Amino acid sequence: MQVAAHQESVRSIDADAVVIALPSDDTWPQPTVELNEASGGVIGRLVESGEFKPKVGETMLLYGLAGVSARVTCVVGVGSLEDRDAGVAFRAAAAAAKRLAGHQRHRVAYCWGPGWNGDLCENGIAGAFVGCHGQDIHRRERRLHPFETLLWENGDRLEEGRALGESLNFCRDLVNGAPSDINPEGFVEAVVPLASEAGIVTEIWDEQRLAEERCGALLAVARGSDAPPRLMKLQYRGDASAQRPAMTLVGKGVTFDSGGYSIKPSDGMKTMKCDMAGAATVVGTLLAIARWKLPLRVDGVVGLVENLVSGRAYKLGDVLHARNGTTIEVLNTDAEGRLVLADALDVAAADRPERLVDLATLTGACMVALGTDTAGLFANDDTWCDQIMRAAGRAGEPVWKMPMFDFYGEQLRSQVADLKNIGEGRWGGAIVAAKFLENFVADIPWVHIDIAGPSFLDRAKSWIDAGGTACLVRTLVETARDLALTA
Ligand code: BES
Ligand code: MN
Ligand code: ZN
């Protein structure tokens with residue numbers, strides 16, 4: 001999809017479709033007013049009659065409007081002026097794109113008037129990329145058709161928007177891919193070419209290296225599968241003088257989670273290809289940061305395994321030796337993500353980054369606590385957590401900070417080892433899991449983000465197809481931009 005800026009009038013622009021913005025207050029922008037007048041007040045009447053509610057992400061298509069040369073007009077709700085932020089730009093632009101992408105369109109012009117530039121332009125364009133890209137990878141006939149050319153009125157951050165949008169869609173493709181394709185090796189094969197093209201250096205640890213590095217927790221989970229595990233390190237050096245990474249992103253990459261011998265019921269297993277969403281988020285974020293050439297050093301570490309059952313699989317009662325020396329009693333093979341992260345976090349911590357953040361589809365309990373749209377934040381450092389929360393606020397991504405009182409961790413005491421991999425009961429399970437991870441980050445400021453809820457949609461929303469969402473990528477890119485500015 002080509003991206004370009006335009007300064008043409010909404011009525012005469014050469015395009016197959018125009019997109020106009022409809023605020024919920026009376027701050028209608030010039031193109032919307034113009035088009036309403038040219039068409040004899042059609043839009044005003046549709047709003048007054050209640051036919052169209054200008055909520056963010058609501059869309060309406062009007063065909064052959066009088067006084068407009070484009071054949072199709074897409075009206076999209078953008079909410080009130082005071083609530084306008086990058087998240088609104090992203091969702092509204094995505095909803096319009098998704099609506100229009102039902103048919104092939106060559107040129108689509110967004111005519112939203114003044115104010116939609118800077119990070120709103122960047123997020124709007126990224127949203128348009130996300131809106132017209134979905135789960136079509138395996139279909140003979142696509143349901144969503146990306147435009148040939150996207151035009152944005154007075155666009156000033158077109159290339160940043162495109163880089164962000166393409167990184168989000170790559171993250172989503174990884175999650176949407178079939179689990180037998182995107183197994184640990186398949187994940188690496190898909191990521192390496194794009195990473196090198198963006199100037200990211202990758203290092204892949206195979207089984208032998210993982211054994212040499214004493215990654216006993218990760219290797220135990222992997223043992224049940226014929227697909228060998230991998231650990232991938234990614235390094236982006238946007239600041240050659242930096243002694244250590246400003247932050248390292250760590251991702252859970254369980255490419256399929258059957259639960260192991262603590263096996264999941266079929267219903268709970270059917271979307272478990274999404275259990276590598278944390279790893280995909282790390283990749284998507286690093287790609288966007290590298291494509292933007294942000295002046296800072298950021299690393300990534302993803303632990304890639306498949307959690308299956310076989311004659312070699314790990315068992316309840318096994319005691320594992322994690323890389324940092326901790327022994328772990330396995331009392332539930334479905335609590336595998338924390339085992340993979342235990343070693344991945346230790347690998348990341350060994351390079352002494354200034355900050356750590358991990359992303360994981362870690363617990364169903366986090367979805368019980370926060371629902372499907374909000375990510376849970378768990379931290380050993382309030383300053384670092386607040387910085388990510390502020391970035392999430394600017395990006396318009398819902399996150400919520402959870403408590404980390406010490407007593408939650410007491411549930412992890414084992415009779416036979418330093419830790420056991422589950423708590424005493426089901427209450428507070430997302431926090432108990434976070435307390436487990438805390439044992440593997442040494443003294444580095446760290447935030448764990450549980451994305452079990454928002455990383456994968458069972459049903460489409462108006463602005464995004466079902467499946468992988470690439471949630472938190474925009475927040476973390478925003479966080480990196482923040483770090484680069486204050487460094
Ligand atoms: N991958 C799951 C968590 C999950 C559940 C992600 C639903 C996305 C949607 C994780 O490995 C898991 O199975 N967690 C267990 C932990 C329990 C055994 C302590 C859970 O949530 O039930
Ligand atoms: Mn599991
Ligand atoms: Zn899992």
Side-chain angles (χ1 to χ4, degrees), residues 179 215-225 229 251-278 303-324 326-346 358-369 376 378 402 404 407-440 448 450-453 455:
C215 292
L218 184 152
L219 282 169
V221 179
R223 238 168 45 208
S225 169
K252 169 178 174 181
V254 176
T255 58
F256 185 73
D257 182 11
S258 73
Y261 276 104
S262 311
I263 199 160
K264 289 182 185 293
S266 184
D267 239 356
M269 206 188 292
K270 71 187 178 203
T271 58
M272 278 303 133
K273 68 175 185 182
C274 80
D275 215 16
M276 34 58 77
L304 299 159
V305 303
E306 209 174 46
N307 187 22
L308 298 187
V309 284
S310 80
R312 303 199 313 155
Y314 78 138
K315 304 166 188 75
L316 286 76
D318 275 348
V319 175
L320 318 179
H321 291 253
R323 187 174 190 267
N324 80 345
T326 307
T327 57
I328 306 164
E329 181 188 12
V330 176
L331 291 177
N332 190 318
T333 59
D334 198 11
E336 85 297 340
R338 62 197 75 183
L339 301 173
V340 174
L341 284 174
D343 285 337
L345 284 167
D346 187 62
D358 79 71
L359 296 119
T361 46
L362 202 63
T363 65
C366 198
M367 300 168 76
V368 175
F378 309 79
M402 304 285 274
M404 283 285 270
F407 59 78
Y408 287 104
E410 288 164 16
Q411 293 186 32
L412 293 164
R413 284 195 198 127
S414 159
Q415 308 269 11
V416 303
D418 299 328
L419 290 175
K420 57 187 167 77
N421 79 330
I422 52 166
E424 292 298 328
R426 52 199 203 95
W427 309 125
I431 306 172
V432 176
K435 291 307 271 187
F436 181 93
L437 299 181
E438 195 176 17
N439 290 286
F440 302 91
H448 155 60
D450 195 328
I451 54 171
S455 62

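What you see below is based on every heavy atom in this structure, not just the backbone, and it leaves out hydrogens, waters and symmetry mates. The model shown is predicted, which means the values in this text are computed figures rather than measured ones. Count residues from 1 along the sequence.
In this structure, D257 contributes its side chain and M272 its backbone to no donor-acceptor pair below 3.5 Å. A distance-only check finds a donor-acceptor pair linking the side chain of Y314 to the backbone of T333 [under 3.5 Å]. Looking only at distances, no side-chain donor or acceptor of T327 sits under 3.5 Å from a matching main-chain atom of A417. With hydrogens and angles disregarded, a donor-acceptor distance shorter than 3.5 Å links the side chain of D343 to the backbone of A217. Side-chain atoms of S310 come within 3.5 Å of backbone atoms of G224 as a donor-acceptor pair (strictly under, hydrogens ignored). Q411 places a side-chain N or O within 3.5 Å of a backbone atom of E424 that can act as its donor or acceptor partner.
The ring pair (Phe, Tyr, Trp, His ring centres under 6.0 Å) contacts involving residues 419-439 comprise F436-F440, where partners must be two or more places apart or lie in separate chains.
With rounding to the nearest 0.5 Å, the separation of SG in C366 from CE in M402 is 5.5 Å. Interatomic distance, L359 CG to M276 CE, rounded to the nearest 0.5 Å: 12.5 Å. The structure places CD of E306 at 3.5 Å from OG of S225, a figure rounded to the nearest 0.5 Å. One distance of note links CD of E438 with CG of L412; it measures 10.5 Å at 0.5 Å rounding.
The closest side-chain heavy-atom distance from E329 to L320 is not below 4.5 Å. At least one side-chain heavy atom of T326 sits under 4.5 Å from a side-chain heavy atom of L419. Taking the side chain as every heavy atom from C-beta outward, T255 and P179 never approach each other to under 4.5 Å. By the 4.5 Å heavy-atom criterion applied to side chains, R338 and N439 are not counted as neighbours. When side chains are defined from C-beta on, N307 counts as touching E336, because their heavy atoms get closer than 4.5 Å. Contact check for S455 versus T361: side-chain heavy atoms found under the 4.5 Å cut-off. For the pair K252 and D275, the minimum side-chain heavy-atom distance is below 4.5 Å. Looking at heavy atoms from C-beta onward, I328 lies out of side-chain contact with V319 at the 4.5 angstrom threshold.
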Do H448 and L362 pass the side chain to side chain contact (heavy atoms under 4.5 Å, CB included) test, and can you show the C-alpha distance, the side-chain angles, and the key distance before you say yes or no?
CA-CA 10 Å; H448 155 60; L362 202 63; 3.6 Å; yes

task = Check the pair N332 / S262 against side chain to side chain contact (heavy atoms under 4.5 Å, CB included), numbers first and verdict last.
result = CA-CA 6 Å; N332 190 318; S262 311; 3.1 Å; yes

Apply the test side chain to side chain contact (heavy atoms under 4.5 Å, CB included) to residues L331 and N421: give CA-CA distance (whole Å), side-chain angles for both, the deciding distance (0.1 Å), then the verdict. CA-CA 6 Å; L331 291 177; N421 79 330; 4.2 Å; yes

inquiry  = Would L339 and V305 count as a side chain to side chain contact (heavy atoms under 4.5 Å, CB included) here? Give the steps.
reply    = CA-CA 11 Å; L339 301 173; V305 303; over 6 Å; no

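Shown here are the side chain to side chain contact (heavy atoms under 4.5 Å, CB included) partners of D346, two or more places apart in sequence or in another chain: R323, N324. The side chain to side chain contact (heavy atoms under 4.5 Å, CB included) test applied to T271 returns F456, D458, not counting sequence neighbours.
Across A430 and D450, no two heavy atoms sit closer than the pair CB-OD2, 4.4 Å. Nearest approach of A360 to L341, heavy atoms of both residues: CB-CD1, 3.7 Å.
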